[in-house]
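Here is the naming used below: chain letters follow the sequence lines, and residue numbers restart at 1 for every chain.
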Number of protein chains: 2
Amino acid sequence: MDDKQQYLNTLGEQAKAASYAMASLTASQKRDLLRAIAQKLSDKSASIVAANQQDVAKARENGLNDAMIDRLLLDESRLSGVIADIENVVALADPIGSELESQLLDNGLRLSRRRVPLGVLGVIYEARPNVTVDIAVLALKTGNAVILRGGKETLASNLALSEAIREAIGEQGLPCDAVQLIQDPDRALVSGLLKLDKYVDMIVPRGGQNLQRLCAEQATIPVILGGIGICHLYVDSEVEQLKAIEVIANAKVQRPTVCNALDTVLVHQSIAQTFLPKLYAHLSSLGVSFYACEQAEAIGKDAGTVTHKASDETYGTEWLSLNLGVKVVENIDEAIAHIRRFSSGHSEGILSDNIHATAHFINEVDAAAVYVNASTRFTDGGQFGLGAEVAVSTQKLHARGPMGLEALTTYKWIGVGDYTARG
Amino acid sequence: MDDKQQYLNTLGEQAKAASYAMASLTASQKRDLLRAIAQKLSDKSASIVAANQQDVAKARENGLNDAMIDRLLLDESRLSGVIADIENVVALADPIGSELESQLLDNGLRLSRRRVPLGVLGVIYEARPNVTVDIAVLALKTGNAVILRGGKETLASNLALSEAIREAIGEQGLPCDAVQLIQDPDRALVSGLLKLDKYVDMIVPRGGQNLQRLCAEQATIPVILGGIGICHLYVDSEVEQLKAIEVIANAKVQRPTVCNALDTVLVHQSIAQTFLPKLYAHLSSLGVSFYACEQAEAIGKDAGTVTHKASDETYGTEWLSLNLGVKVVENIDEAIAHIRRFSSGHSEGILSDNIHATAHFINEVDAAAVYVNASTRFTDGGQFGLGAEVAVSTQKLHARGPMGLEALTTYKWIGVGDYTARG
C-alpha cells in the first residue's frame, strides 16, 4: 500500500470511528454543535478571509478570469451569509431517530424501522468554498461524519474553514474527525476516495459532467449523480402564448448558469408560426441566442431573427449560458420522444391549458421534476421547502431531485422478541 | 463497437422502450398480465420441465454434485409451486401511482411526489431457475422492464421460462421486451450489462461474494449489494441461558446455508464458564463445529468439546455451513467492537434481559436488521410481511434489508402552476 492510500485509509478509519459517536447525539446536542461552529467561524472570520485572499491572489497569478475568481471569493460579507445560513439548518427538524413504521408480526416479533445516519459521506466539489461549510453542517445535523475534497483553487480557504469547524467540534467534546478535509491536491486521492468502500457509505460529487462521469466509472461506493440539467419546456397547441413566453423567459434568463435553467423549447407545429416570432423578439431583447431546427429557423428568418443551426450535439448540450435550442414538433408525442432522447432527467415541463395533454406529459416524461405551466427554475431544495439542499440528484435510487436532510439518512430494521425463534 | 456490445445496446434500447409502456399500466392490467403469465407457464409446463431436464443432464455430464443439481432442478412439482407463488404477487398492493406527499408552496406551485417504476432493472443471478420467474413477475408488478442474466447451468430452463413469459406479455398486447434474457453465456456480457447506464437504472446481483464484488467494481449503474451475511449474536451477562441456547440453535441450524444464518456467538465473560458447556453440548448434538477463541477453547476442553482455533480469517467468514465462531468478550462494548469489525451489515442480535444493554446494542450496532432476543433468521421479506423479496440489501442507500416491491420503485416530483415563474 502506498503512502497516499495509507493516508486515505487513516482518514476513513477516523471518519468511521467519529461517525459512531455522532450517530447517537440528540437533536439538541447537534443544534448546540452547529451554533458553536457558527460562533467559531465568526470568531475566526479575519483569518478565514485572509486565507481566501491567498487563494484569490494565486488565482489571479494563474490567470483565472473574473467570473471564476468571483466563484471562489469569500469576503467578510459572503462569510457572514454562510454563517447566518447555519442558523437555518439549526432550525430544521432532526430526522434522526424517528420510527418510520412499526408492527407486531405473526411470528411474535415487534418490528420497526428507525431512521439513522448514513455513516460516512464523501463529498467532492469544485471551486466555491462555502460548500465546505454547507456540507459539513448538513452532515453533522444528520449525525454523519464527512470527508471533504474541495477544488485546489480554494485549498487555503477550505483548510481555514474546516480547521475552524474541527476546533468547534472538539470544544464540544466530540470527535473532530467527524469533518476531515483531504489536503493533498493530487487527483489520485479522488480515485482513492471513490474506492474507500470499507469506510465511506455514499459519495456525492458536486461538479460538472467530467466529475460525475469519473465517479460513476471509478466508484465502488454508491454515488449520487446529479446537477446536470438538459431541461425542456414543451409549448402545446392550446396555450396562453404571452404567459408561456414569460415562463420560458424566466426559465432561460433568470439565472442561466445553473442546472435547472432551460435548454430547449419544443413548440407544437400548429402554433409555431404565431408563437415563435413573439418568443424570438422577447428573448432576443434579453440577450438569448437560438439554435433552431430547420422549420424554426425559417420562421426566424421571416421574422428577422438570425438563428444558429441545431444538431443532435446542440440538443444534447447543457448550455449554462443564454443559448436556447428551439424545435418545432408535430405533436406532444414527438416532444416526449425528443425529451426521452436528450433529457438528463432533471427538469421537464409542459405549457398547456389542455388537461389531457398535461396528464399525458406528466405520465410519460421520466425526470426528477415534471412541471405543468411552471418554470424549470423551481427545481431547488429551497423552493421545494426542504430547507436545505445537499445536491440535485438525477438518478433514481435513494433520492431524486433536490436532496434535503433525509437523503443523508438511512434506516435500520429493529426486531424485538422474547427469545423468539423462527418456526 | 463489437457485436456483443451491439447486442447489449439493442437489448437495452428495447427494454427502455418497453419500460415506457409498462409504466402507465393500471394495477388491474398488471394483475391480468401476471395471471396470464401463470396460465402460460402452466400450459407450457411439459416443455419447461423438459428443458430443465436438458440442463440437469448436462450438469451430470459435467460432474456437478447432487447438492448443486438439486439447486438447478425444476420438476413438475417445483414449477407448480413457482406458478402458485405468482398469485401471491398478484394479491399484493400496487405501489405505483400513489402520491407520497403533496403541498401548496408559497411560490404558488402545487408540488407532489408520485411513486413511479424505476424503469429498467438488470438482474444477475446464479443457478436456481425459479429466480427467472420470481424476478420477472416482481419487475412487471411494479411496471418495470427487466434484463435477466442467469447462470449458464440453467440456460435451457431460463430460456423456456422467459420465452413463455414473453409470449404471455405479447398476448396481452404489451411489449414482450419488458422481459429479456441474455442468452450468450460469455462473461463479457455481464461486464457489458454493468456499464449499460444509458438504458439500465438499477443492477441487482443475486449471488456470492465474487459476483457482488464484480458488480461493485465494474458497474457504472447503481447496484444493490446484498445477500452476504456474517451474522452475530451477543449473549449478555443477564440472560436466560437455556432460552438463549434455543435461539442460537435456531439461528445456526434451522437453515445453515442461507445469508441470515448465524456465524459467530459472542459471550460475556461473566457467564462463559456456565453458558458455554451447555451451548457446546446442545449444538454438538445438532452437528455444529466450533471455531473458538483461546478462552472458549479452554472451556470447551474442560467440558470435553473439541474446538478449532478461531482467527481473524474465520471471524470474517460467512460459513453457510454448520460451523460457528465462538468468542468470549469482556463486555458489551467489546462485542460491539467485534461486530463493527467483522459484520457484513446484515443481521446482528443481542440476547439479554437488561434494558440498558439492549438499548445500547440497538443504538450502536449498524446493520440492516438488529435484534433483541430473537433469531437472526427473521431477516426475510416473507417474515417481515413484505409479501415478496427481491433481495436482501446490505448497503444503506435506497433499500436496506429485505427488499419488497417498493425497492423497485422511485418517485418523481410533479409541480403544477398557472404559468408560474420563479420570483
Are side-chain heavy atoms of A:R114 and B:V370 found at a separation under 4.5 Å? no
Interface moiety of [X] toward chain A, non-hydrogen atoms closer than 4.5 Å:
X	answer
B:K16	side chain
B:L111	side chain
B:A244	both
B:V365	backbone
B:S19	neither
B:A399	both
B:L105	side chain
B:L225	neither
B:V116	side chain
B:R213	side chain

On a heavy-atom basis, which atom in B:P402 and which in A:W413 lie closest, and how many Å separate them? CD-NE1, 4.0 Å
Do you know which two heavy atoms are closest between B:R422 and A:S375, and how far apart they sit? N-CB, 4.3 Å
If I measure from the heavy atoms of chain B, does A:A407 come under 4.5 Å with its side chain, its backbone, both, or neither? neither
Just by distance, do the side chain of A:Q254 and the backbone of B:G423 share a donor-acceptor pair under 3.5 Å? yes
Quick one about A:Y419 and B:N250 (side-chain donor to acceptor, distance below 3.5 Å, no hydrogens or angles considered), yes or no? no
